[in-house]
Asks: 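Take a look at this one; I'll ask things after.
First the proteins, then the strands, lettered A, B, ... as listed; each starts at 1.
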Amino acid sequence: MNLDAMYQEIILDHYKNPHGRGLREPFDGESYQVNPTCGDELQLRVRLDGEQVADVSYTGQGCSISQASASVLTDLVVGRSVDEALSKLAAFTELVKGRGKVEPDEDVLEDGVAFAGVAKYPARVKCALLGWMAFKAALVQAGVDKAREGAEIS
Amino acid sequence: MTATPLRAALDVAAVRGDFPILTRTVRDGKPLIYLDSGATSQRPRQVLEAERAYVERSNSAVHRGAHQLAEEATDAYEHARERVAAFVGVQPGEVVFTKNATEGVNLVAYAMSNAATAGKEAERFRVGEGDEIVVTEMEHHANLVPWQQLCQRTGATLRWFGVTDDGRLDLSDIDTLITERTKVVAFTHQSNVLGTVNDPAPLVERARRVGALTVLDACQSVPHQPVNLRELGADFAVFSGHKMLGPSGVGVLYGRRELLEAMPPFLTGGSMIETVTMERSTFAPPPQRFEAGVPMTSQTVGLGAAVDYLTKIGMGAVAEHEKQLTEAALSALGEIDGVRIVGPTTADSRGAAVSFVVDGIHPHDVGQVLDSLGIAVRVGHHCAWPLHRRMGIPASVRASFYLYNSVHEVEALAAGVREAQRFFGVGK
């Protein structure tokens, strides 16, 4: 096994210098997600401006994969329309659940493509999706009904 | 050093030869270093062969039918019960086979709920408002959640012993925690996280004085040290087959005979009855009363073979070997800057589950690096979330050793932890 394939520099960079971290006010939806097998936690807030994702703020503790994934999430969805954010959510979920067989589109997932290595380790999929599932649940709480559909964590 | 002859009692190379899985490689050809026996142990060929022989020759439903196979199956099942009972120093009639230890704890907790509507003989099992159930902060969820639930169903109150900073049970408030109101004291014999071995004596004595029942979680002790449940004096005890070289799908609930005789059933149906009419039923004596339905049989036969295997090696030798591994692990990990042992840092009154955290690296990531080197450990909270909160950590890495592990593997673990530090750029 090649550790470097899983822990790509991009992931370690996001882990050590996370983007968008911290809980901010005001917000329209909030979610607290926990991975019951390992105790990783993430609290995430989303603020909407009409159809735009105006801000995503979060705090939590967990492994490099879960924390880096939340950091990448903020890069990918903040400033985008809700529809674009949901399509990135779908693409990211497809990638990490793909057992290494899904070819990621860098135009869509940007730094998120670095999680292709994680996809080969089923035990780490939940880590990679923790922040994304929190984002999805926070959107639902903010009244975005269409966020109810699609990806589930397991 | 006078201990040398004793320490030669267990021939690790010979033991390893009995475990086919230990010869395999993982993650691109790395020899497997299995340090997760606290979660589940591996099975020797003798256990696999006993299961296979049973299925190939005698497989049929236990306690049913008049044919030869039924007779052989029943004998195999009951013979396993006898050997398991002897292994922990109790009578066969006091051994109930369950799916696992978790089911054993639930069996007692639900029987206590059911006592509310059972006859007068079940009175001592009744729990209600004003009653208290006492556990400890170092319990596995399996010996905590069923008691929380029993309290919710009955209105009883849950109380618990704390844990000291060095991972020992804090019994300083024993007289105020275990009182006339206490109905059950449930505690672990050996922590699956800290490795701490608790002396049951003070808890059993105090519980007896106030008339409370004791339930001992022996999942991590029975596989690893000589245990005589009669001498320990607990009223009930549970342990699992798959943690002691046996198959998954079989566990044991021990109960003192007079208690099992008075206790109402948990699961009801076939096998556990005495007479049945359309209106009502009466129940079989224990242990059958607590074994509803066709029981697991090849698993039980496998557990019997596991007990034979452990007996042949000698539990004293197993414990001595594990003590040597524990000392080596505490020393090798303790020497690494940035590694903190969660639990006692000496091998006194301590088993071979060694949990630790590495500064600057999440346990999940430590586990991933170790896995890449072929080393299997557990990461997370190991089904003891409140304990991790108490120790001030969200999760930990746990290496747990058994009779087939070697000092060489302990050294590989320590080298792996250093490799994780190098990879993540922390430590020296």
Asks: Check B:His381 against A:Pro36 and note the closest heavy-atom contact, atom names and distance.
Replies: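 Scanning both residues completely, I find the closest heavy atoms to be NE2-O, 2.7 Å.
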Asks: Between CG of B:Leu373 and CG of A:Leu3, what distance do you get to the nearest 0.5 Å?
Replies: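 Here the rounded value is 7.0 Å.
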Asks: Can you measure from OG1 (A:Thr37) to NE2 (B:His364) and round to the nearest 0.5 angstrom?
Replies: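 Between atom OG1 of A:Thr37 and atom NE2 of B:His364 there are 6.0 Å.
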Asks: Verify the neighbour count for atom CZ of A:Arg99: are there more than 12 heavy atoms of other residues, nucleotides or ligands below 6.0 Å?
Replies: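 No.
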Asks: Look at atom CD of B:Gln148 and say whether more than 12 heavy atoms of other residues, nucleotides or ligands are closer to it than 6.0 Å.
Replies: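 Buried by this count: over 12 neighbours within 6.0 Å.
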Asks: Please check if the number of heavy atoms outside B:Trp160 that lie under 6.0 Å from its CH2 is greater than 12.
Replies: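 Atom CH2 in B:Trp160 is not packed in, count stays at 12 or less.
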Asks: Please flag which part of B:Val366 lies under 4.5 Å from any non-hydrogen atom of chain A: side chain, backbone, both or neither.
Replies: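 The answer is neither part of B:Val366.
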Asks: Is there a side-chain contact between A:Ile65 and B:Gln368 (heavy atoms, below 4.5 Å)?
Replies: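 Of all side-chain heavy-atom pairs linking B:Gln368 with A:Ile65, none is under 4.5 Å.
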Asks: Show, in sequence, the C-alpha distance, side-chain angles and deciding distance for A:Tyr7 and B:Asp365, and conclude whether the side chain to side chain donor-acceptor pair (under 3.5 Å) test is met.
Replies: CA-CA 9 Å; A:Tyr7 294 108; B:Asp365 295 319; 2.8 Å; yes
Asks: Can you tell me how far apart CG (A:Leu12) and CZ (B:Phe424) are? Round to the nearest 0.5 Å.
Replies: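 Atom-to-atom, A:Leu12:CG and B:Phe424:CZ are 6.0 Å apart.
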Asks: Below 4.5 Å, heavy-atom pairs only: which of B:Ala395, B:Gly380, B:Pro363 has the largest tally toward chain A?
Replies: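 Ranked by contacts with chain A, first place is B:Gly380.
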Asks: Taking everything shown except B:Arg340 itself, do over 12 heavy atoms lie less than 6.0 Å from its CZ?
Replies: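 At most 12 heavy atoms, drawn from other residues, nucleotides or ligands, come within 6.0 Å of this atom.
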